[in-house]
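All remarks here apply to the structure that follows.
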Amino acid sequence: MIKLASPDILAEDIKKVINVLKSGNLVQGENVVLLEKELENFSNLPYCTMVTSGTAALHLAMMALELPKGSSVIVPAFTFPASANVVENICCETILCDVDPETYVVTPEMIEKTILANTKKNIKAIMIVHEFGQPVKIKEISKIAKKYNLKLIEDAACALGTMADGHHPGYYGDMACFSFHPRKAITTGEGGAIMTRSKELDLKLKKLRNHGMEKTPDKIDFTLAGLNYRLTEFQAVLGLGQIKRFSKELTKRKKLVEIYYQVLKNKKNLQLPLDETGNSWQSYMIVLDKSIDRHQIINQMDKAGVQTSIGAQALNCLTYFQKKYGYKNEDFPVATRLFNKGLVLPLYGKLKSAEILLIADELVKALDE
Ligand SMILES: Cc1ncc(COP(=O)(O)O)c(C=O)c1O
């Protein structure tokens, strides 16, 4: 079976995890700090805070903004629900925004249109999502955020290594949040990180992930209502080997993506993702024509030994958001179409060119049947 995703974990990484387990130093310590430093170096950003998941990263980022209760946050309609769930969990409201049909992410025009259509709401922040590693036009959106005095959060759960307008996520936004779930390009089992250029926010995030604790040489105090979102040492050491090999992983993914393009480019009943500069290719999601039964394609691919999957969700189609806000499936047509017809194909550095050719061939066969 060709799996959808497979982490780049080597025997030497496993050995290091075992050594940490044997050492007995299990909770956040030197390996977490080392991984933070590696991520700072990799992304060329000054501050990184490791946490227990991408959702925890988003939650802490939202908490750190201290938005007044009842404020609204703009969130793309096409994303994983965690992007909006954290907004809901800090007692704020979610305003959805449709995405571009070719890049699957929001555009500056769409964001500004959403702001202007909701002037009666107390909008305080924009959350953009670099979905599947696709870079959002973040420079322009950061100008819009400034113009309307809004905070800007980058959900970069899928976007380690993405370069948006020449910079890594975390440069233009107030904070960028990453996930290290096994479906992502680097994994710590579960895990996440927040990157920022703000020293002040970084200090706050580090306090918030550790119960709001503040230590001075002579006393320990709790100055914020924090949580426990600390990563373990054995998770961090697993990430350390992978981040050192990550530039190579990115190059391999890019080469494999080119093969998908070569083989599938003339196929009529599907849309391929736009090949934008700076995409880190966490996932390769194609969009099937409306006449094609995706369920059937997934089953046929499965029988051929290839795991495929749906992409992200259209939040306007999910029960929670429909019940709370009255959103309907047809409100955000692009997100709804991507939700219903998106198909993610396997993509990771360990795959061989021949396997990509086989996957593409099987897909063509399934579509022709
Ligand atoms: C866009 C997006 N945001 C947030 C998350 C949540 O990350 P995690 O699973 O690490 O909590 C995911 C996970 O798939 C995601 O794709």
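Since this is a predicted model, take the numbers as computed values, not measurements.
Within a 6.0 Å sphere centred on NZ of Lys137, other residues, nucleotides and ligands contribute 12 heavy atoms or fewer. Within a 6.0 Å sphere centred on NZ of Lys206, heavy atoms belonging to other residues, nucleotides or ligands number more than 12.
One side chain, Glu112 or Tyr148, offers a donor N or O that lies under 3.5 Å from an acceptor on the other. For the 3.5 Å distance criterion, the side chains of Asn329 and Gln322 qualify, holding a donor opposite an acceptor. Side-chain polar atoms of Asn118 and Ser72 form no donor-acceptor pair below 3.5 angstrom. Defined by atom type and a distance below 3.5 Å, a donor-acceptor pair is present between the side-chain atoms of Gln235 and Thr232. Neither side chain, Arg209 nor Asn228, offers a donor N or O lying under 3.5 Å from an acceptor on the other. Side-chain contact, Thr49 with Asp202: a donor N or O sits under 3.5 Å from an acceptor N or O. A donor-acceptor contact closer than 3.5 angstrom is absent between the side chains of Gln134 and Thr103.
Scanning both residues, Thr223 and Lys207, for their nearest heavy atoms gives OG1-NZ, 3.2 Å.
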(message) Walk me through whether His211 and Phe222 qualify under ring-ring contact (aromatic ring centres under 6.0 Å, His included).
(response) CA-CA 7 Å; His211 308 286; Phe222 292 83; 7.0 Å; no
(message) Phe246 vs Phe42, test: ring-ring contact (aromatic ring centres under 6.0 Å, His included). Steps then yes/no.
(response) CA-CA 9 Å; Phe246 189 53; Phe42 175 80; 5.3 Å; yes
(request) For the pair Asp361 and Lys365, evaluate salt bridge (Lys or Arg N to Asp or Glu O under 4.0 Å) and give the outcome as yes or no after the intermediate values. (result) CA-CA 6 Å; Asp361 277 354; Lys365 267 194 242 162; over 6 Å; no
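Every side chain to side chain donor-acceptor pair (under 3.5 Å) that Asp8 has, sequence neighbours left out, goes to Arg245. Every residue meeting the side-chain contact (heavy atoms from CB on, under 4.5 Å) condition with Lys215, not counting sequence neighbours, appears here in chain and number order: Met213, Ile220. With sequence neighbours excluded, the residues forming a side-chain contact (heavy atoms from CB on, under 4.5 Å) with Ser291 are Asp289, listed by chain and number.
Within the structure, salt bridge (Lys or Arg N to Asp or Glu O under 4.0 Å) contacts touching residues 38-65 (residues at least two apart or in different chains) are Lys37-Glu40.
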Can you list, pair by pair, the side-chain donor-acceptor contacts under 3.5 Å of residues 177-194, counting residues two or more places apart and other chains?
residue, atom, partner, partner atom, Å
Ser179, OG, His181, N, 3.2
His181, ND1, Arg183, N, 3.0
Arg183, NH2, Ser283, OG, 3.4
Thr187, OG1, Phe180, O, 2.7
Thr187, OG1, Gly189, N, 3.0
Thr188, OG1, Glu190, O, 2.8

Could you list the donor-acceptor pairs under 3.5 angstrom formed by side chains in residues 52-60, with sequence neighbours left out?
residue, atom, partner, partner atom, Å
Ser53, OG, Thr55, N, 3.3
Ser53, OG, Ala56, N, 2.9
His59, ND1, Tyr229, OH, 2.8

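Taking the centre of each ring, Tyr284 and Tyr260 come in below the 6.0 Å mark.
Within the cation-pi definition used here (under 6.0 Å to the ring centroid, within 45° of the axis), Arg197 qualifies as a partner of Tyr171.
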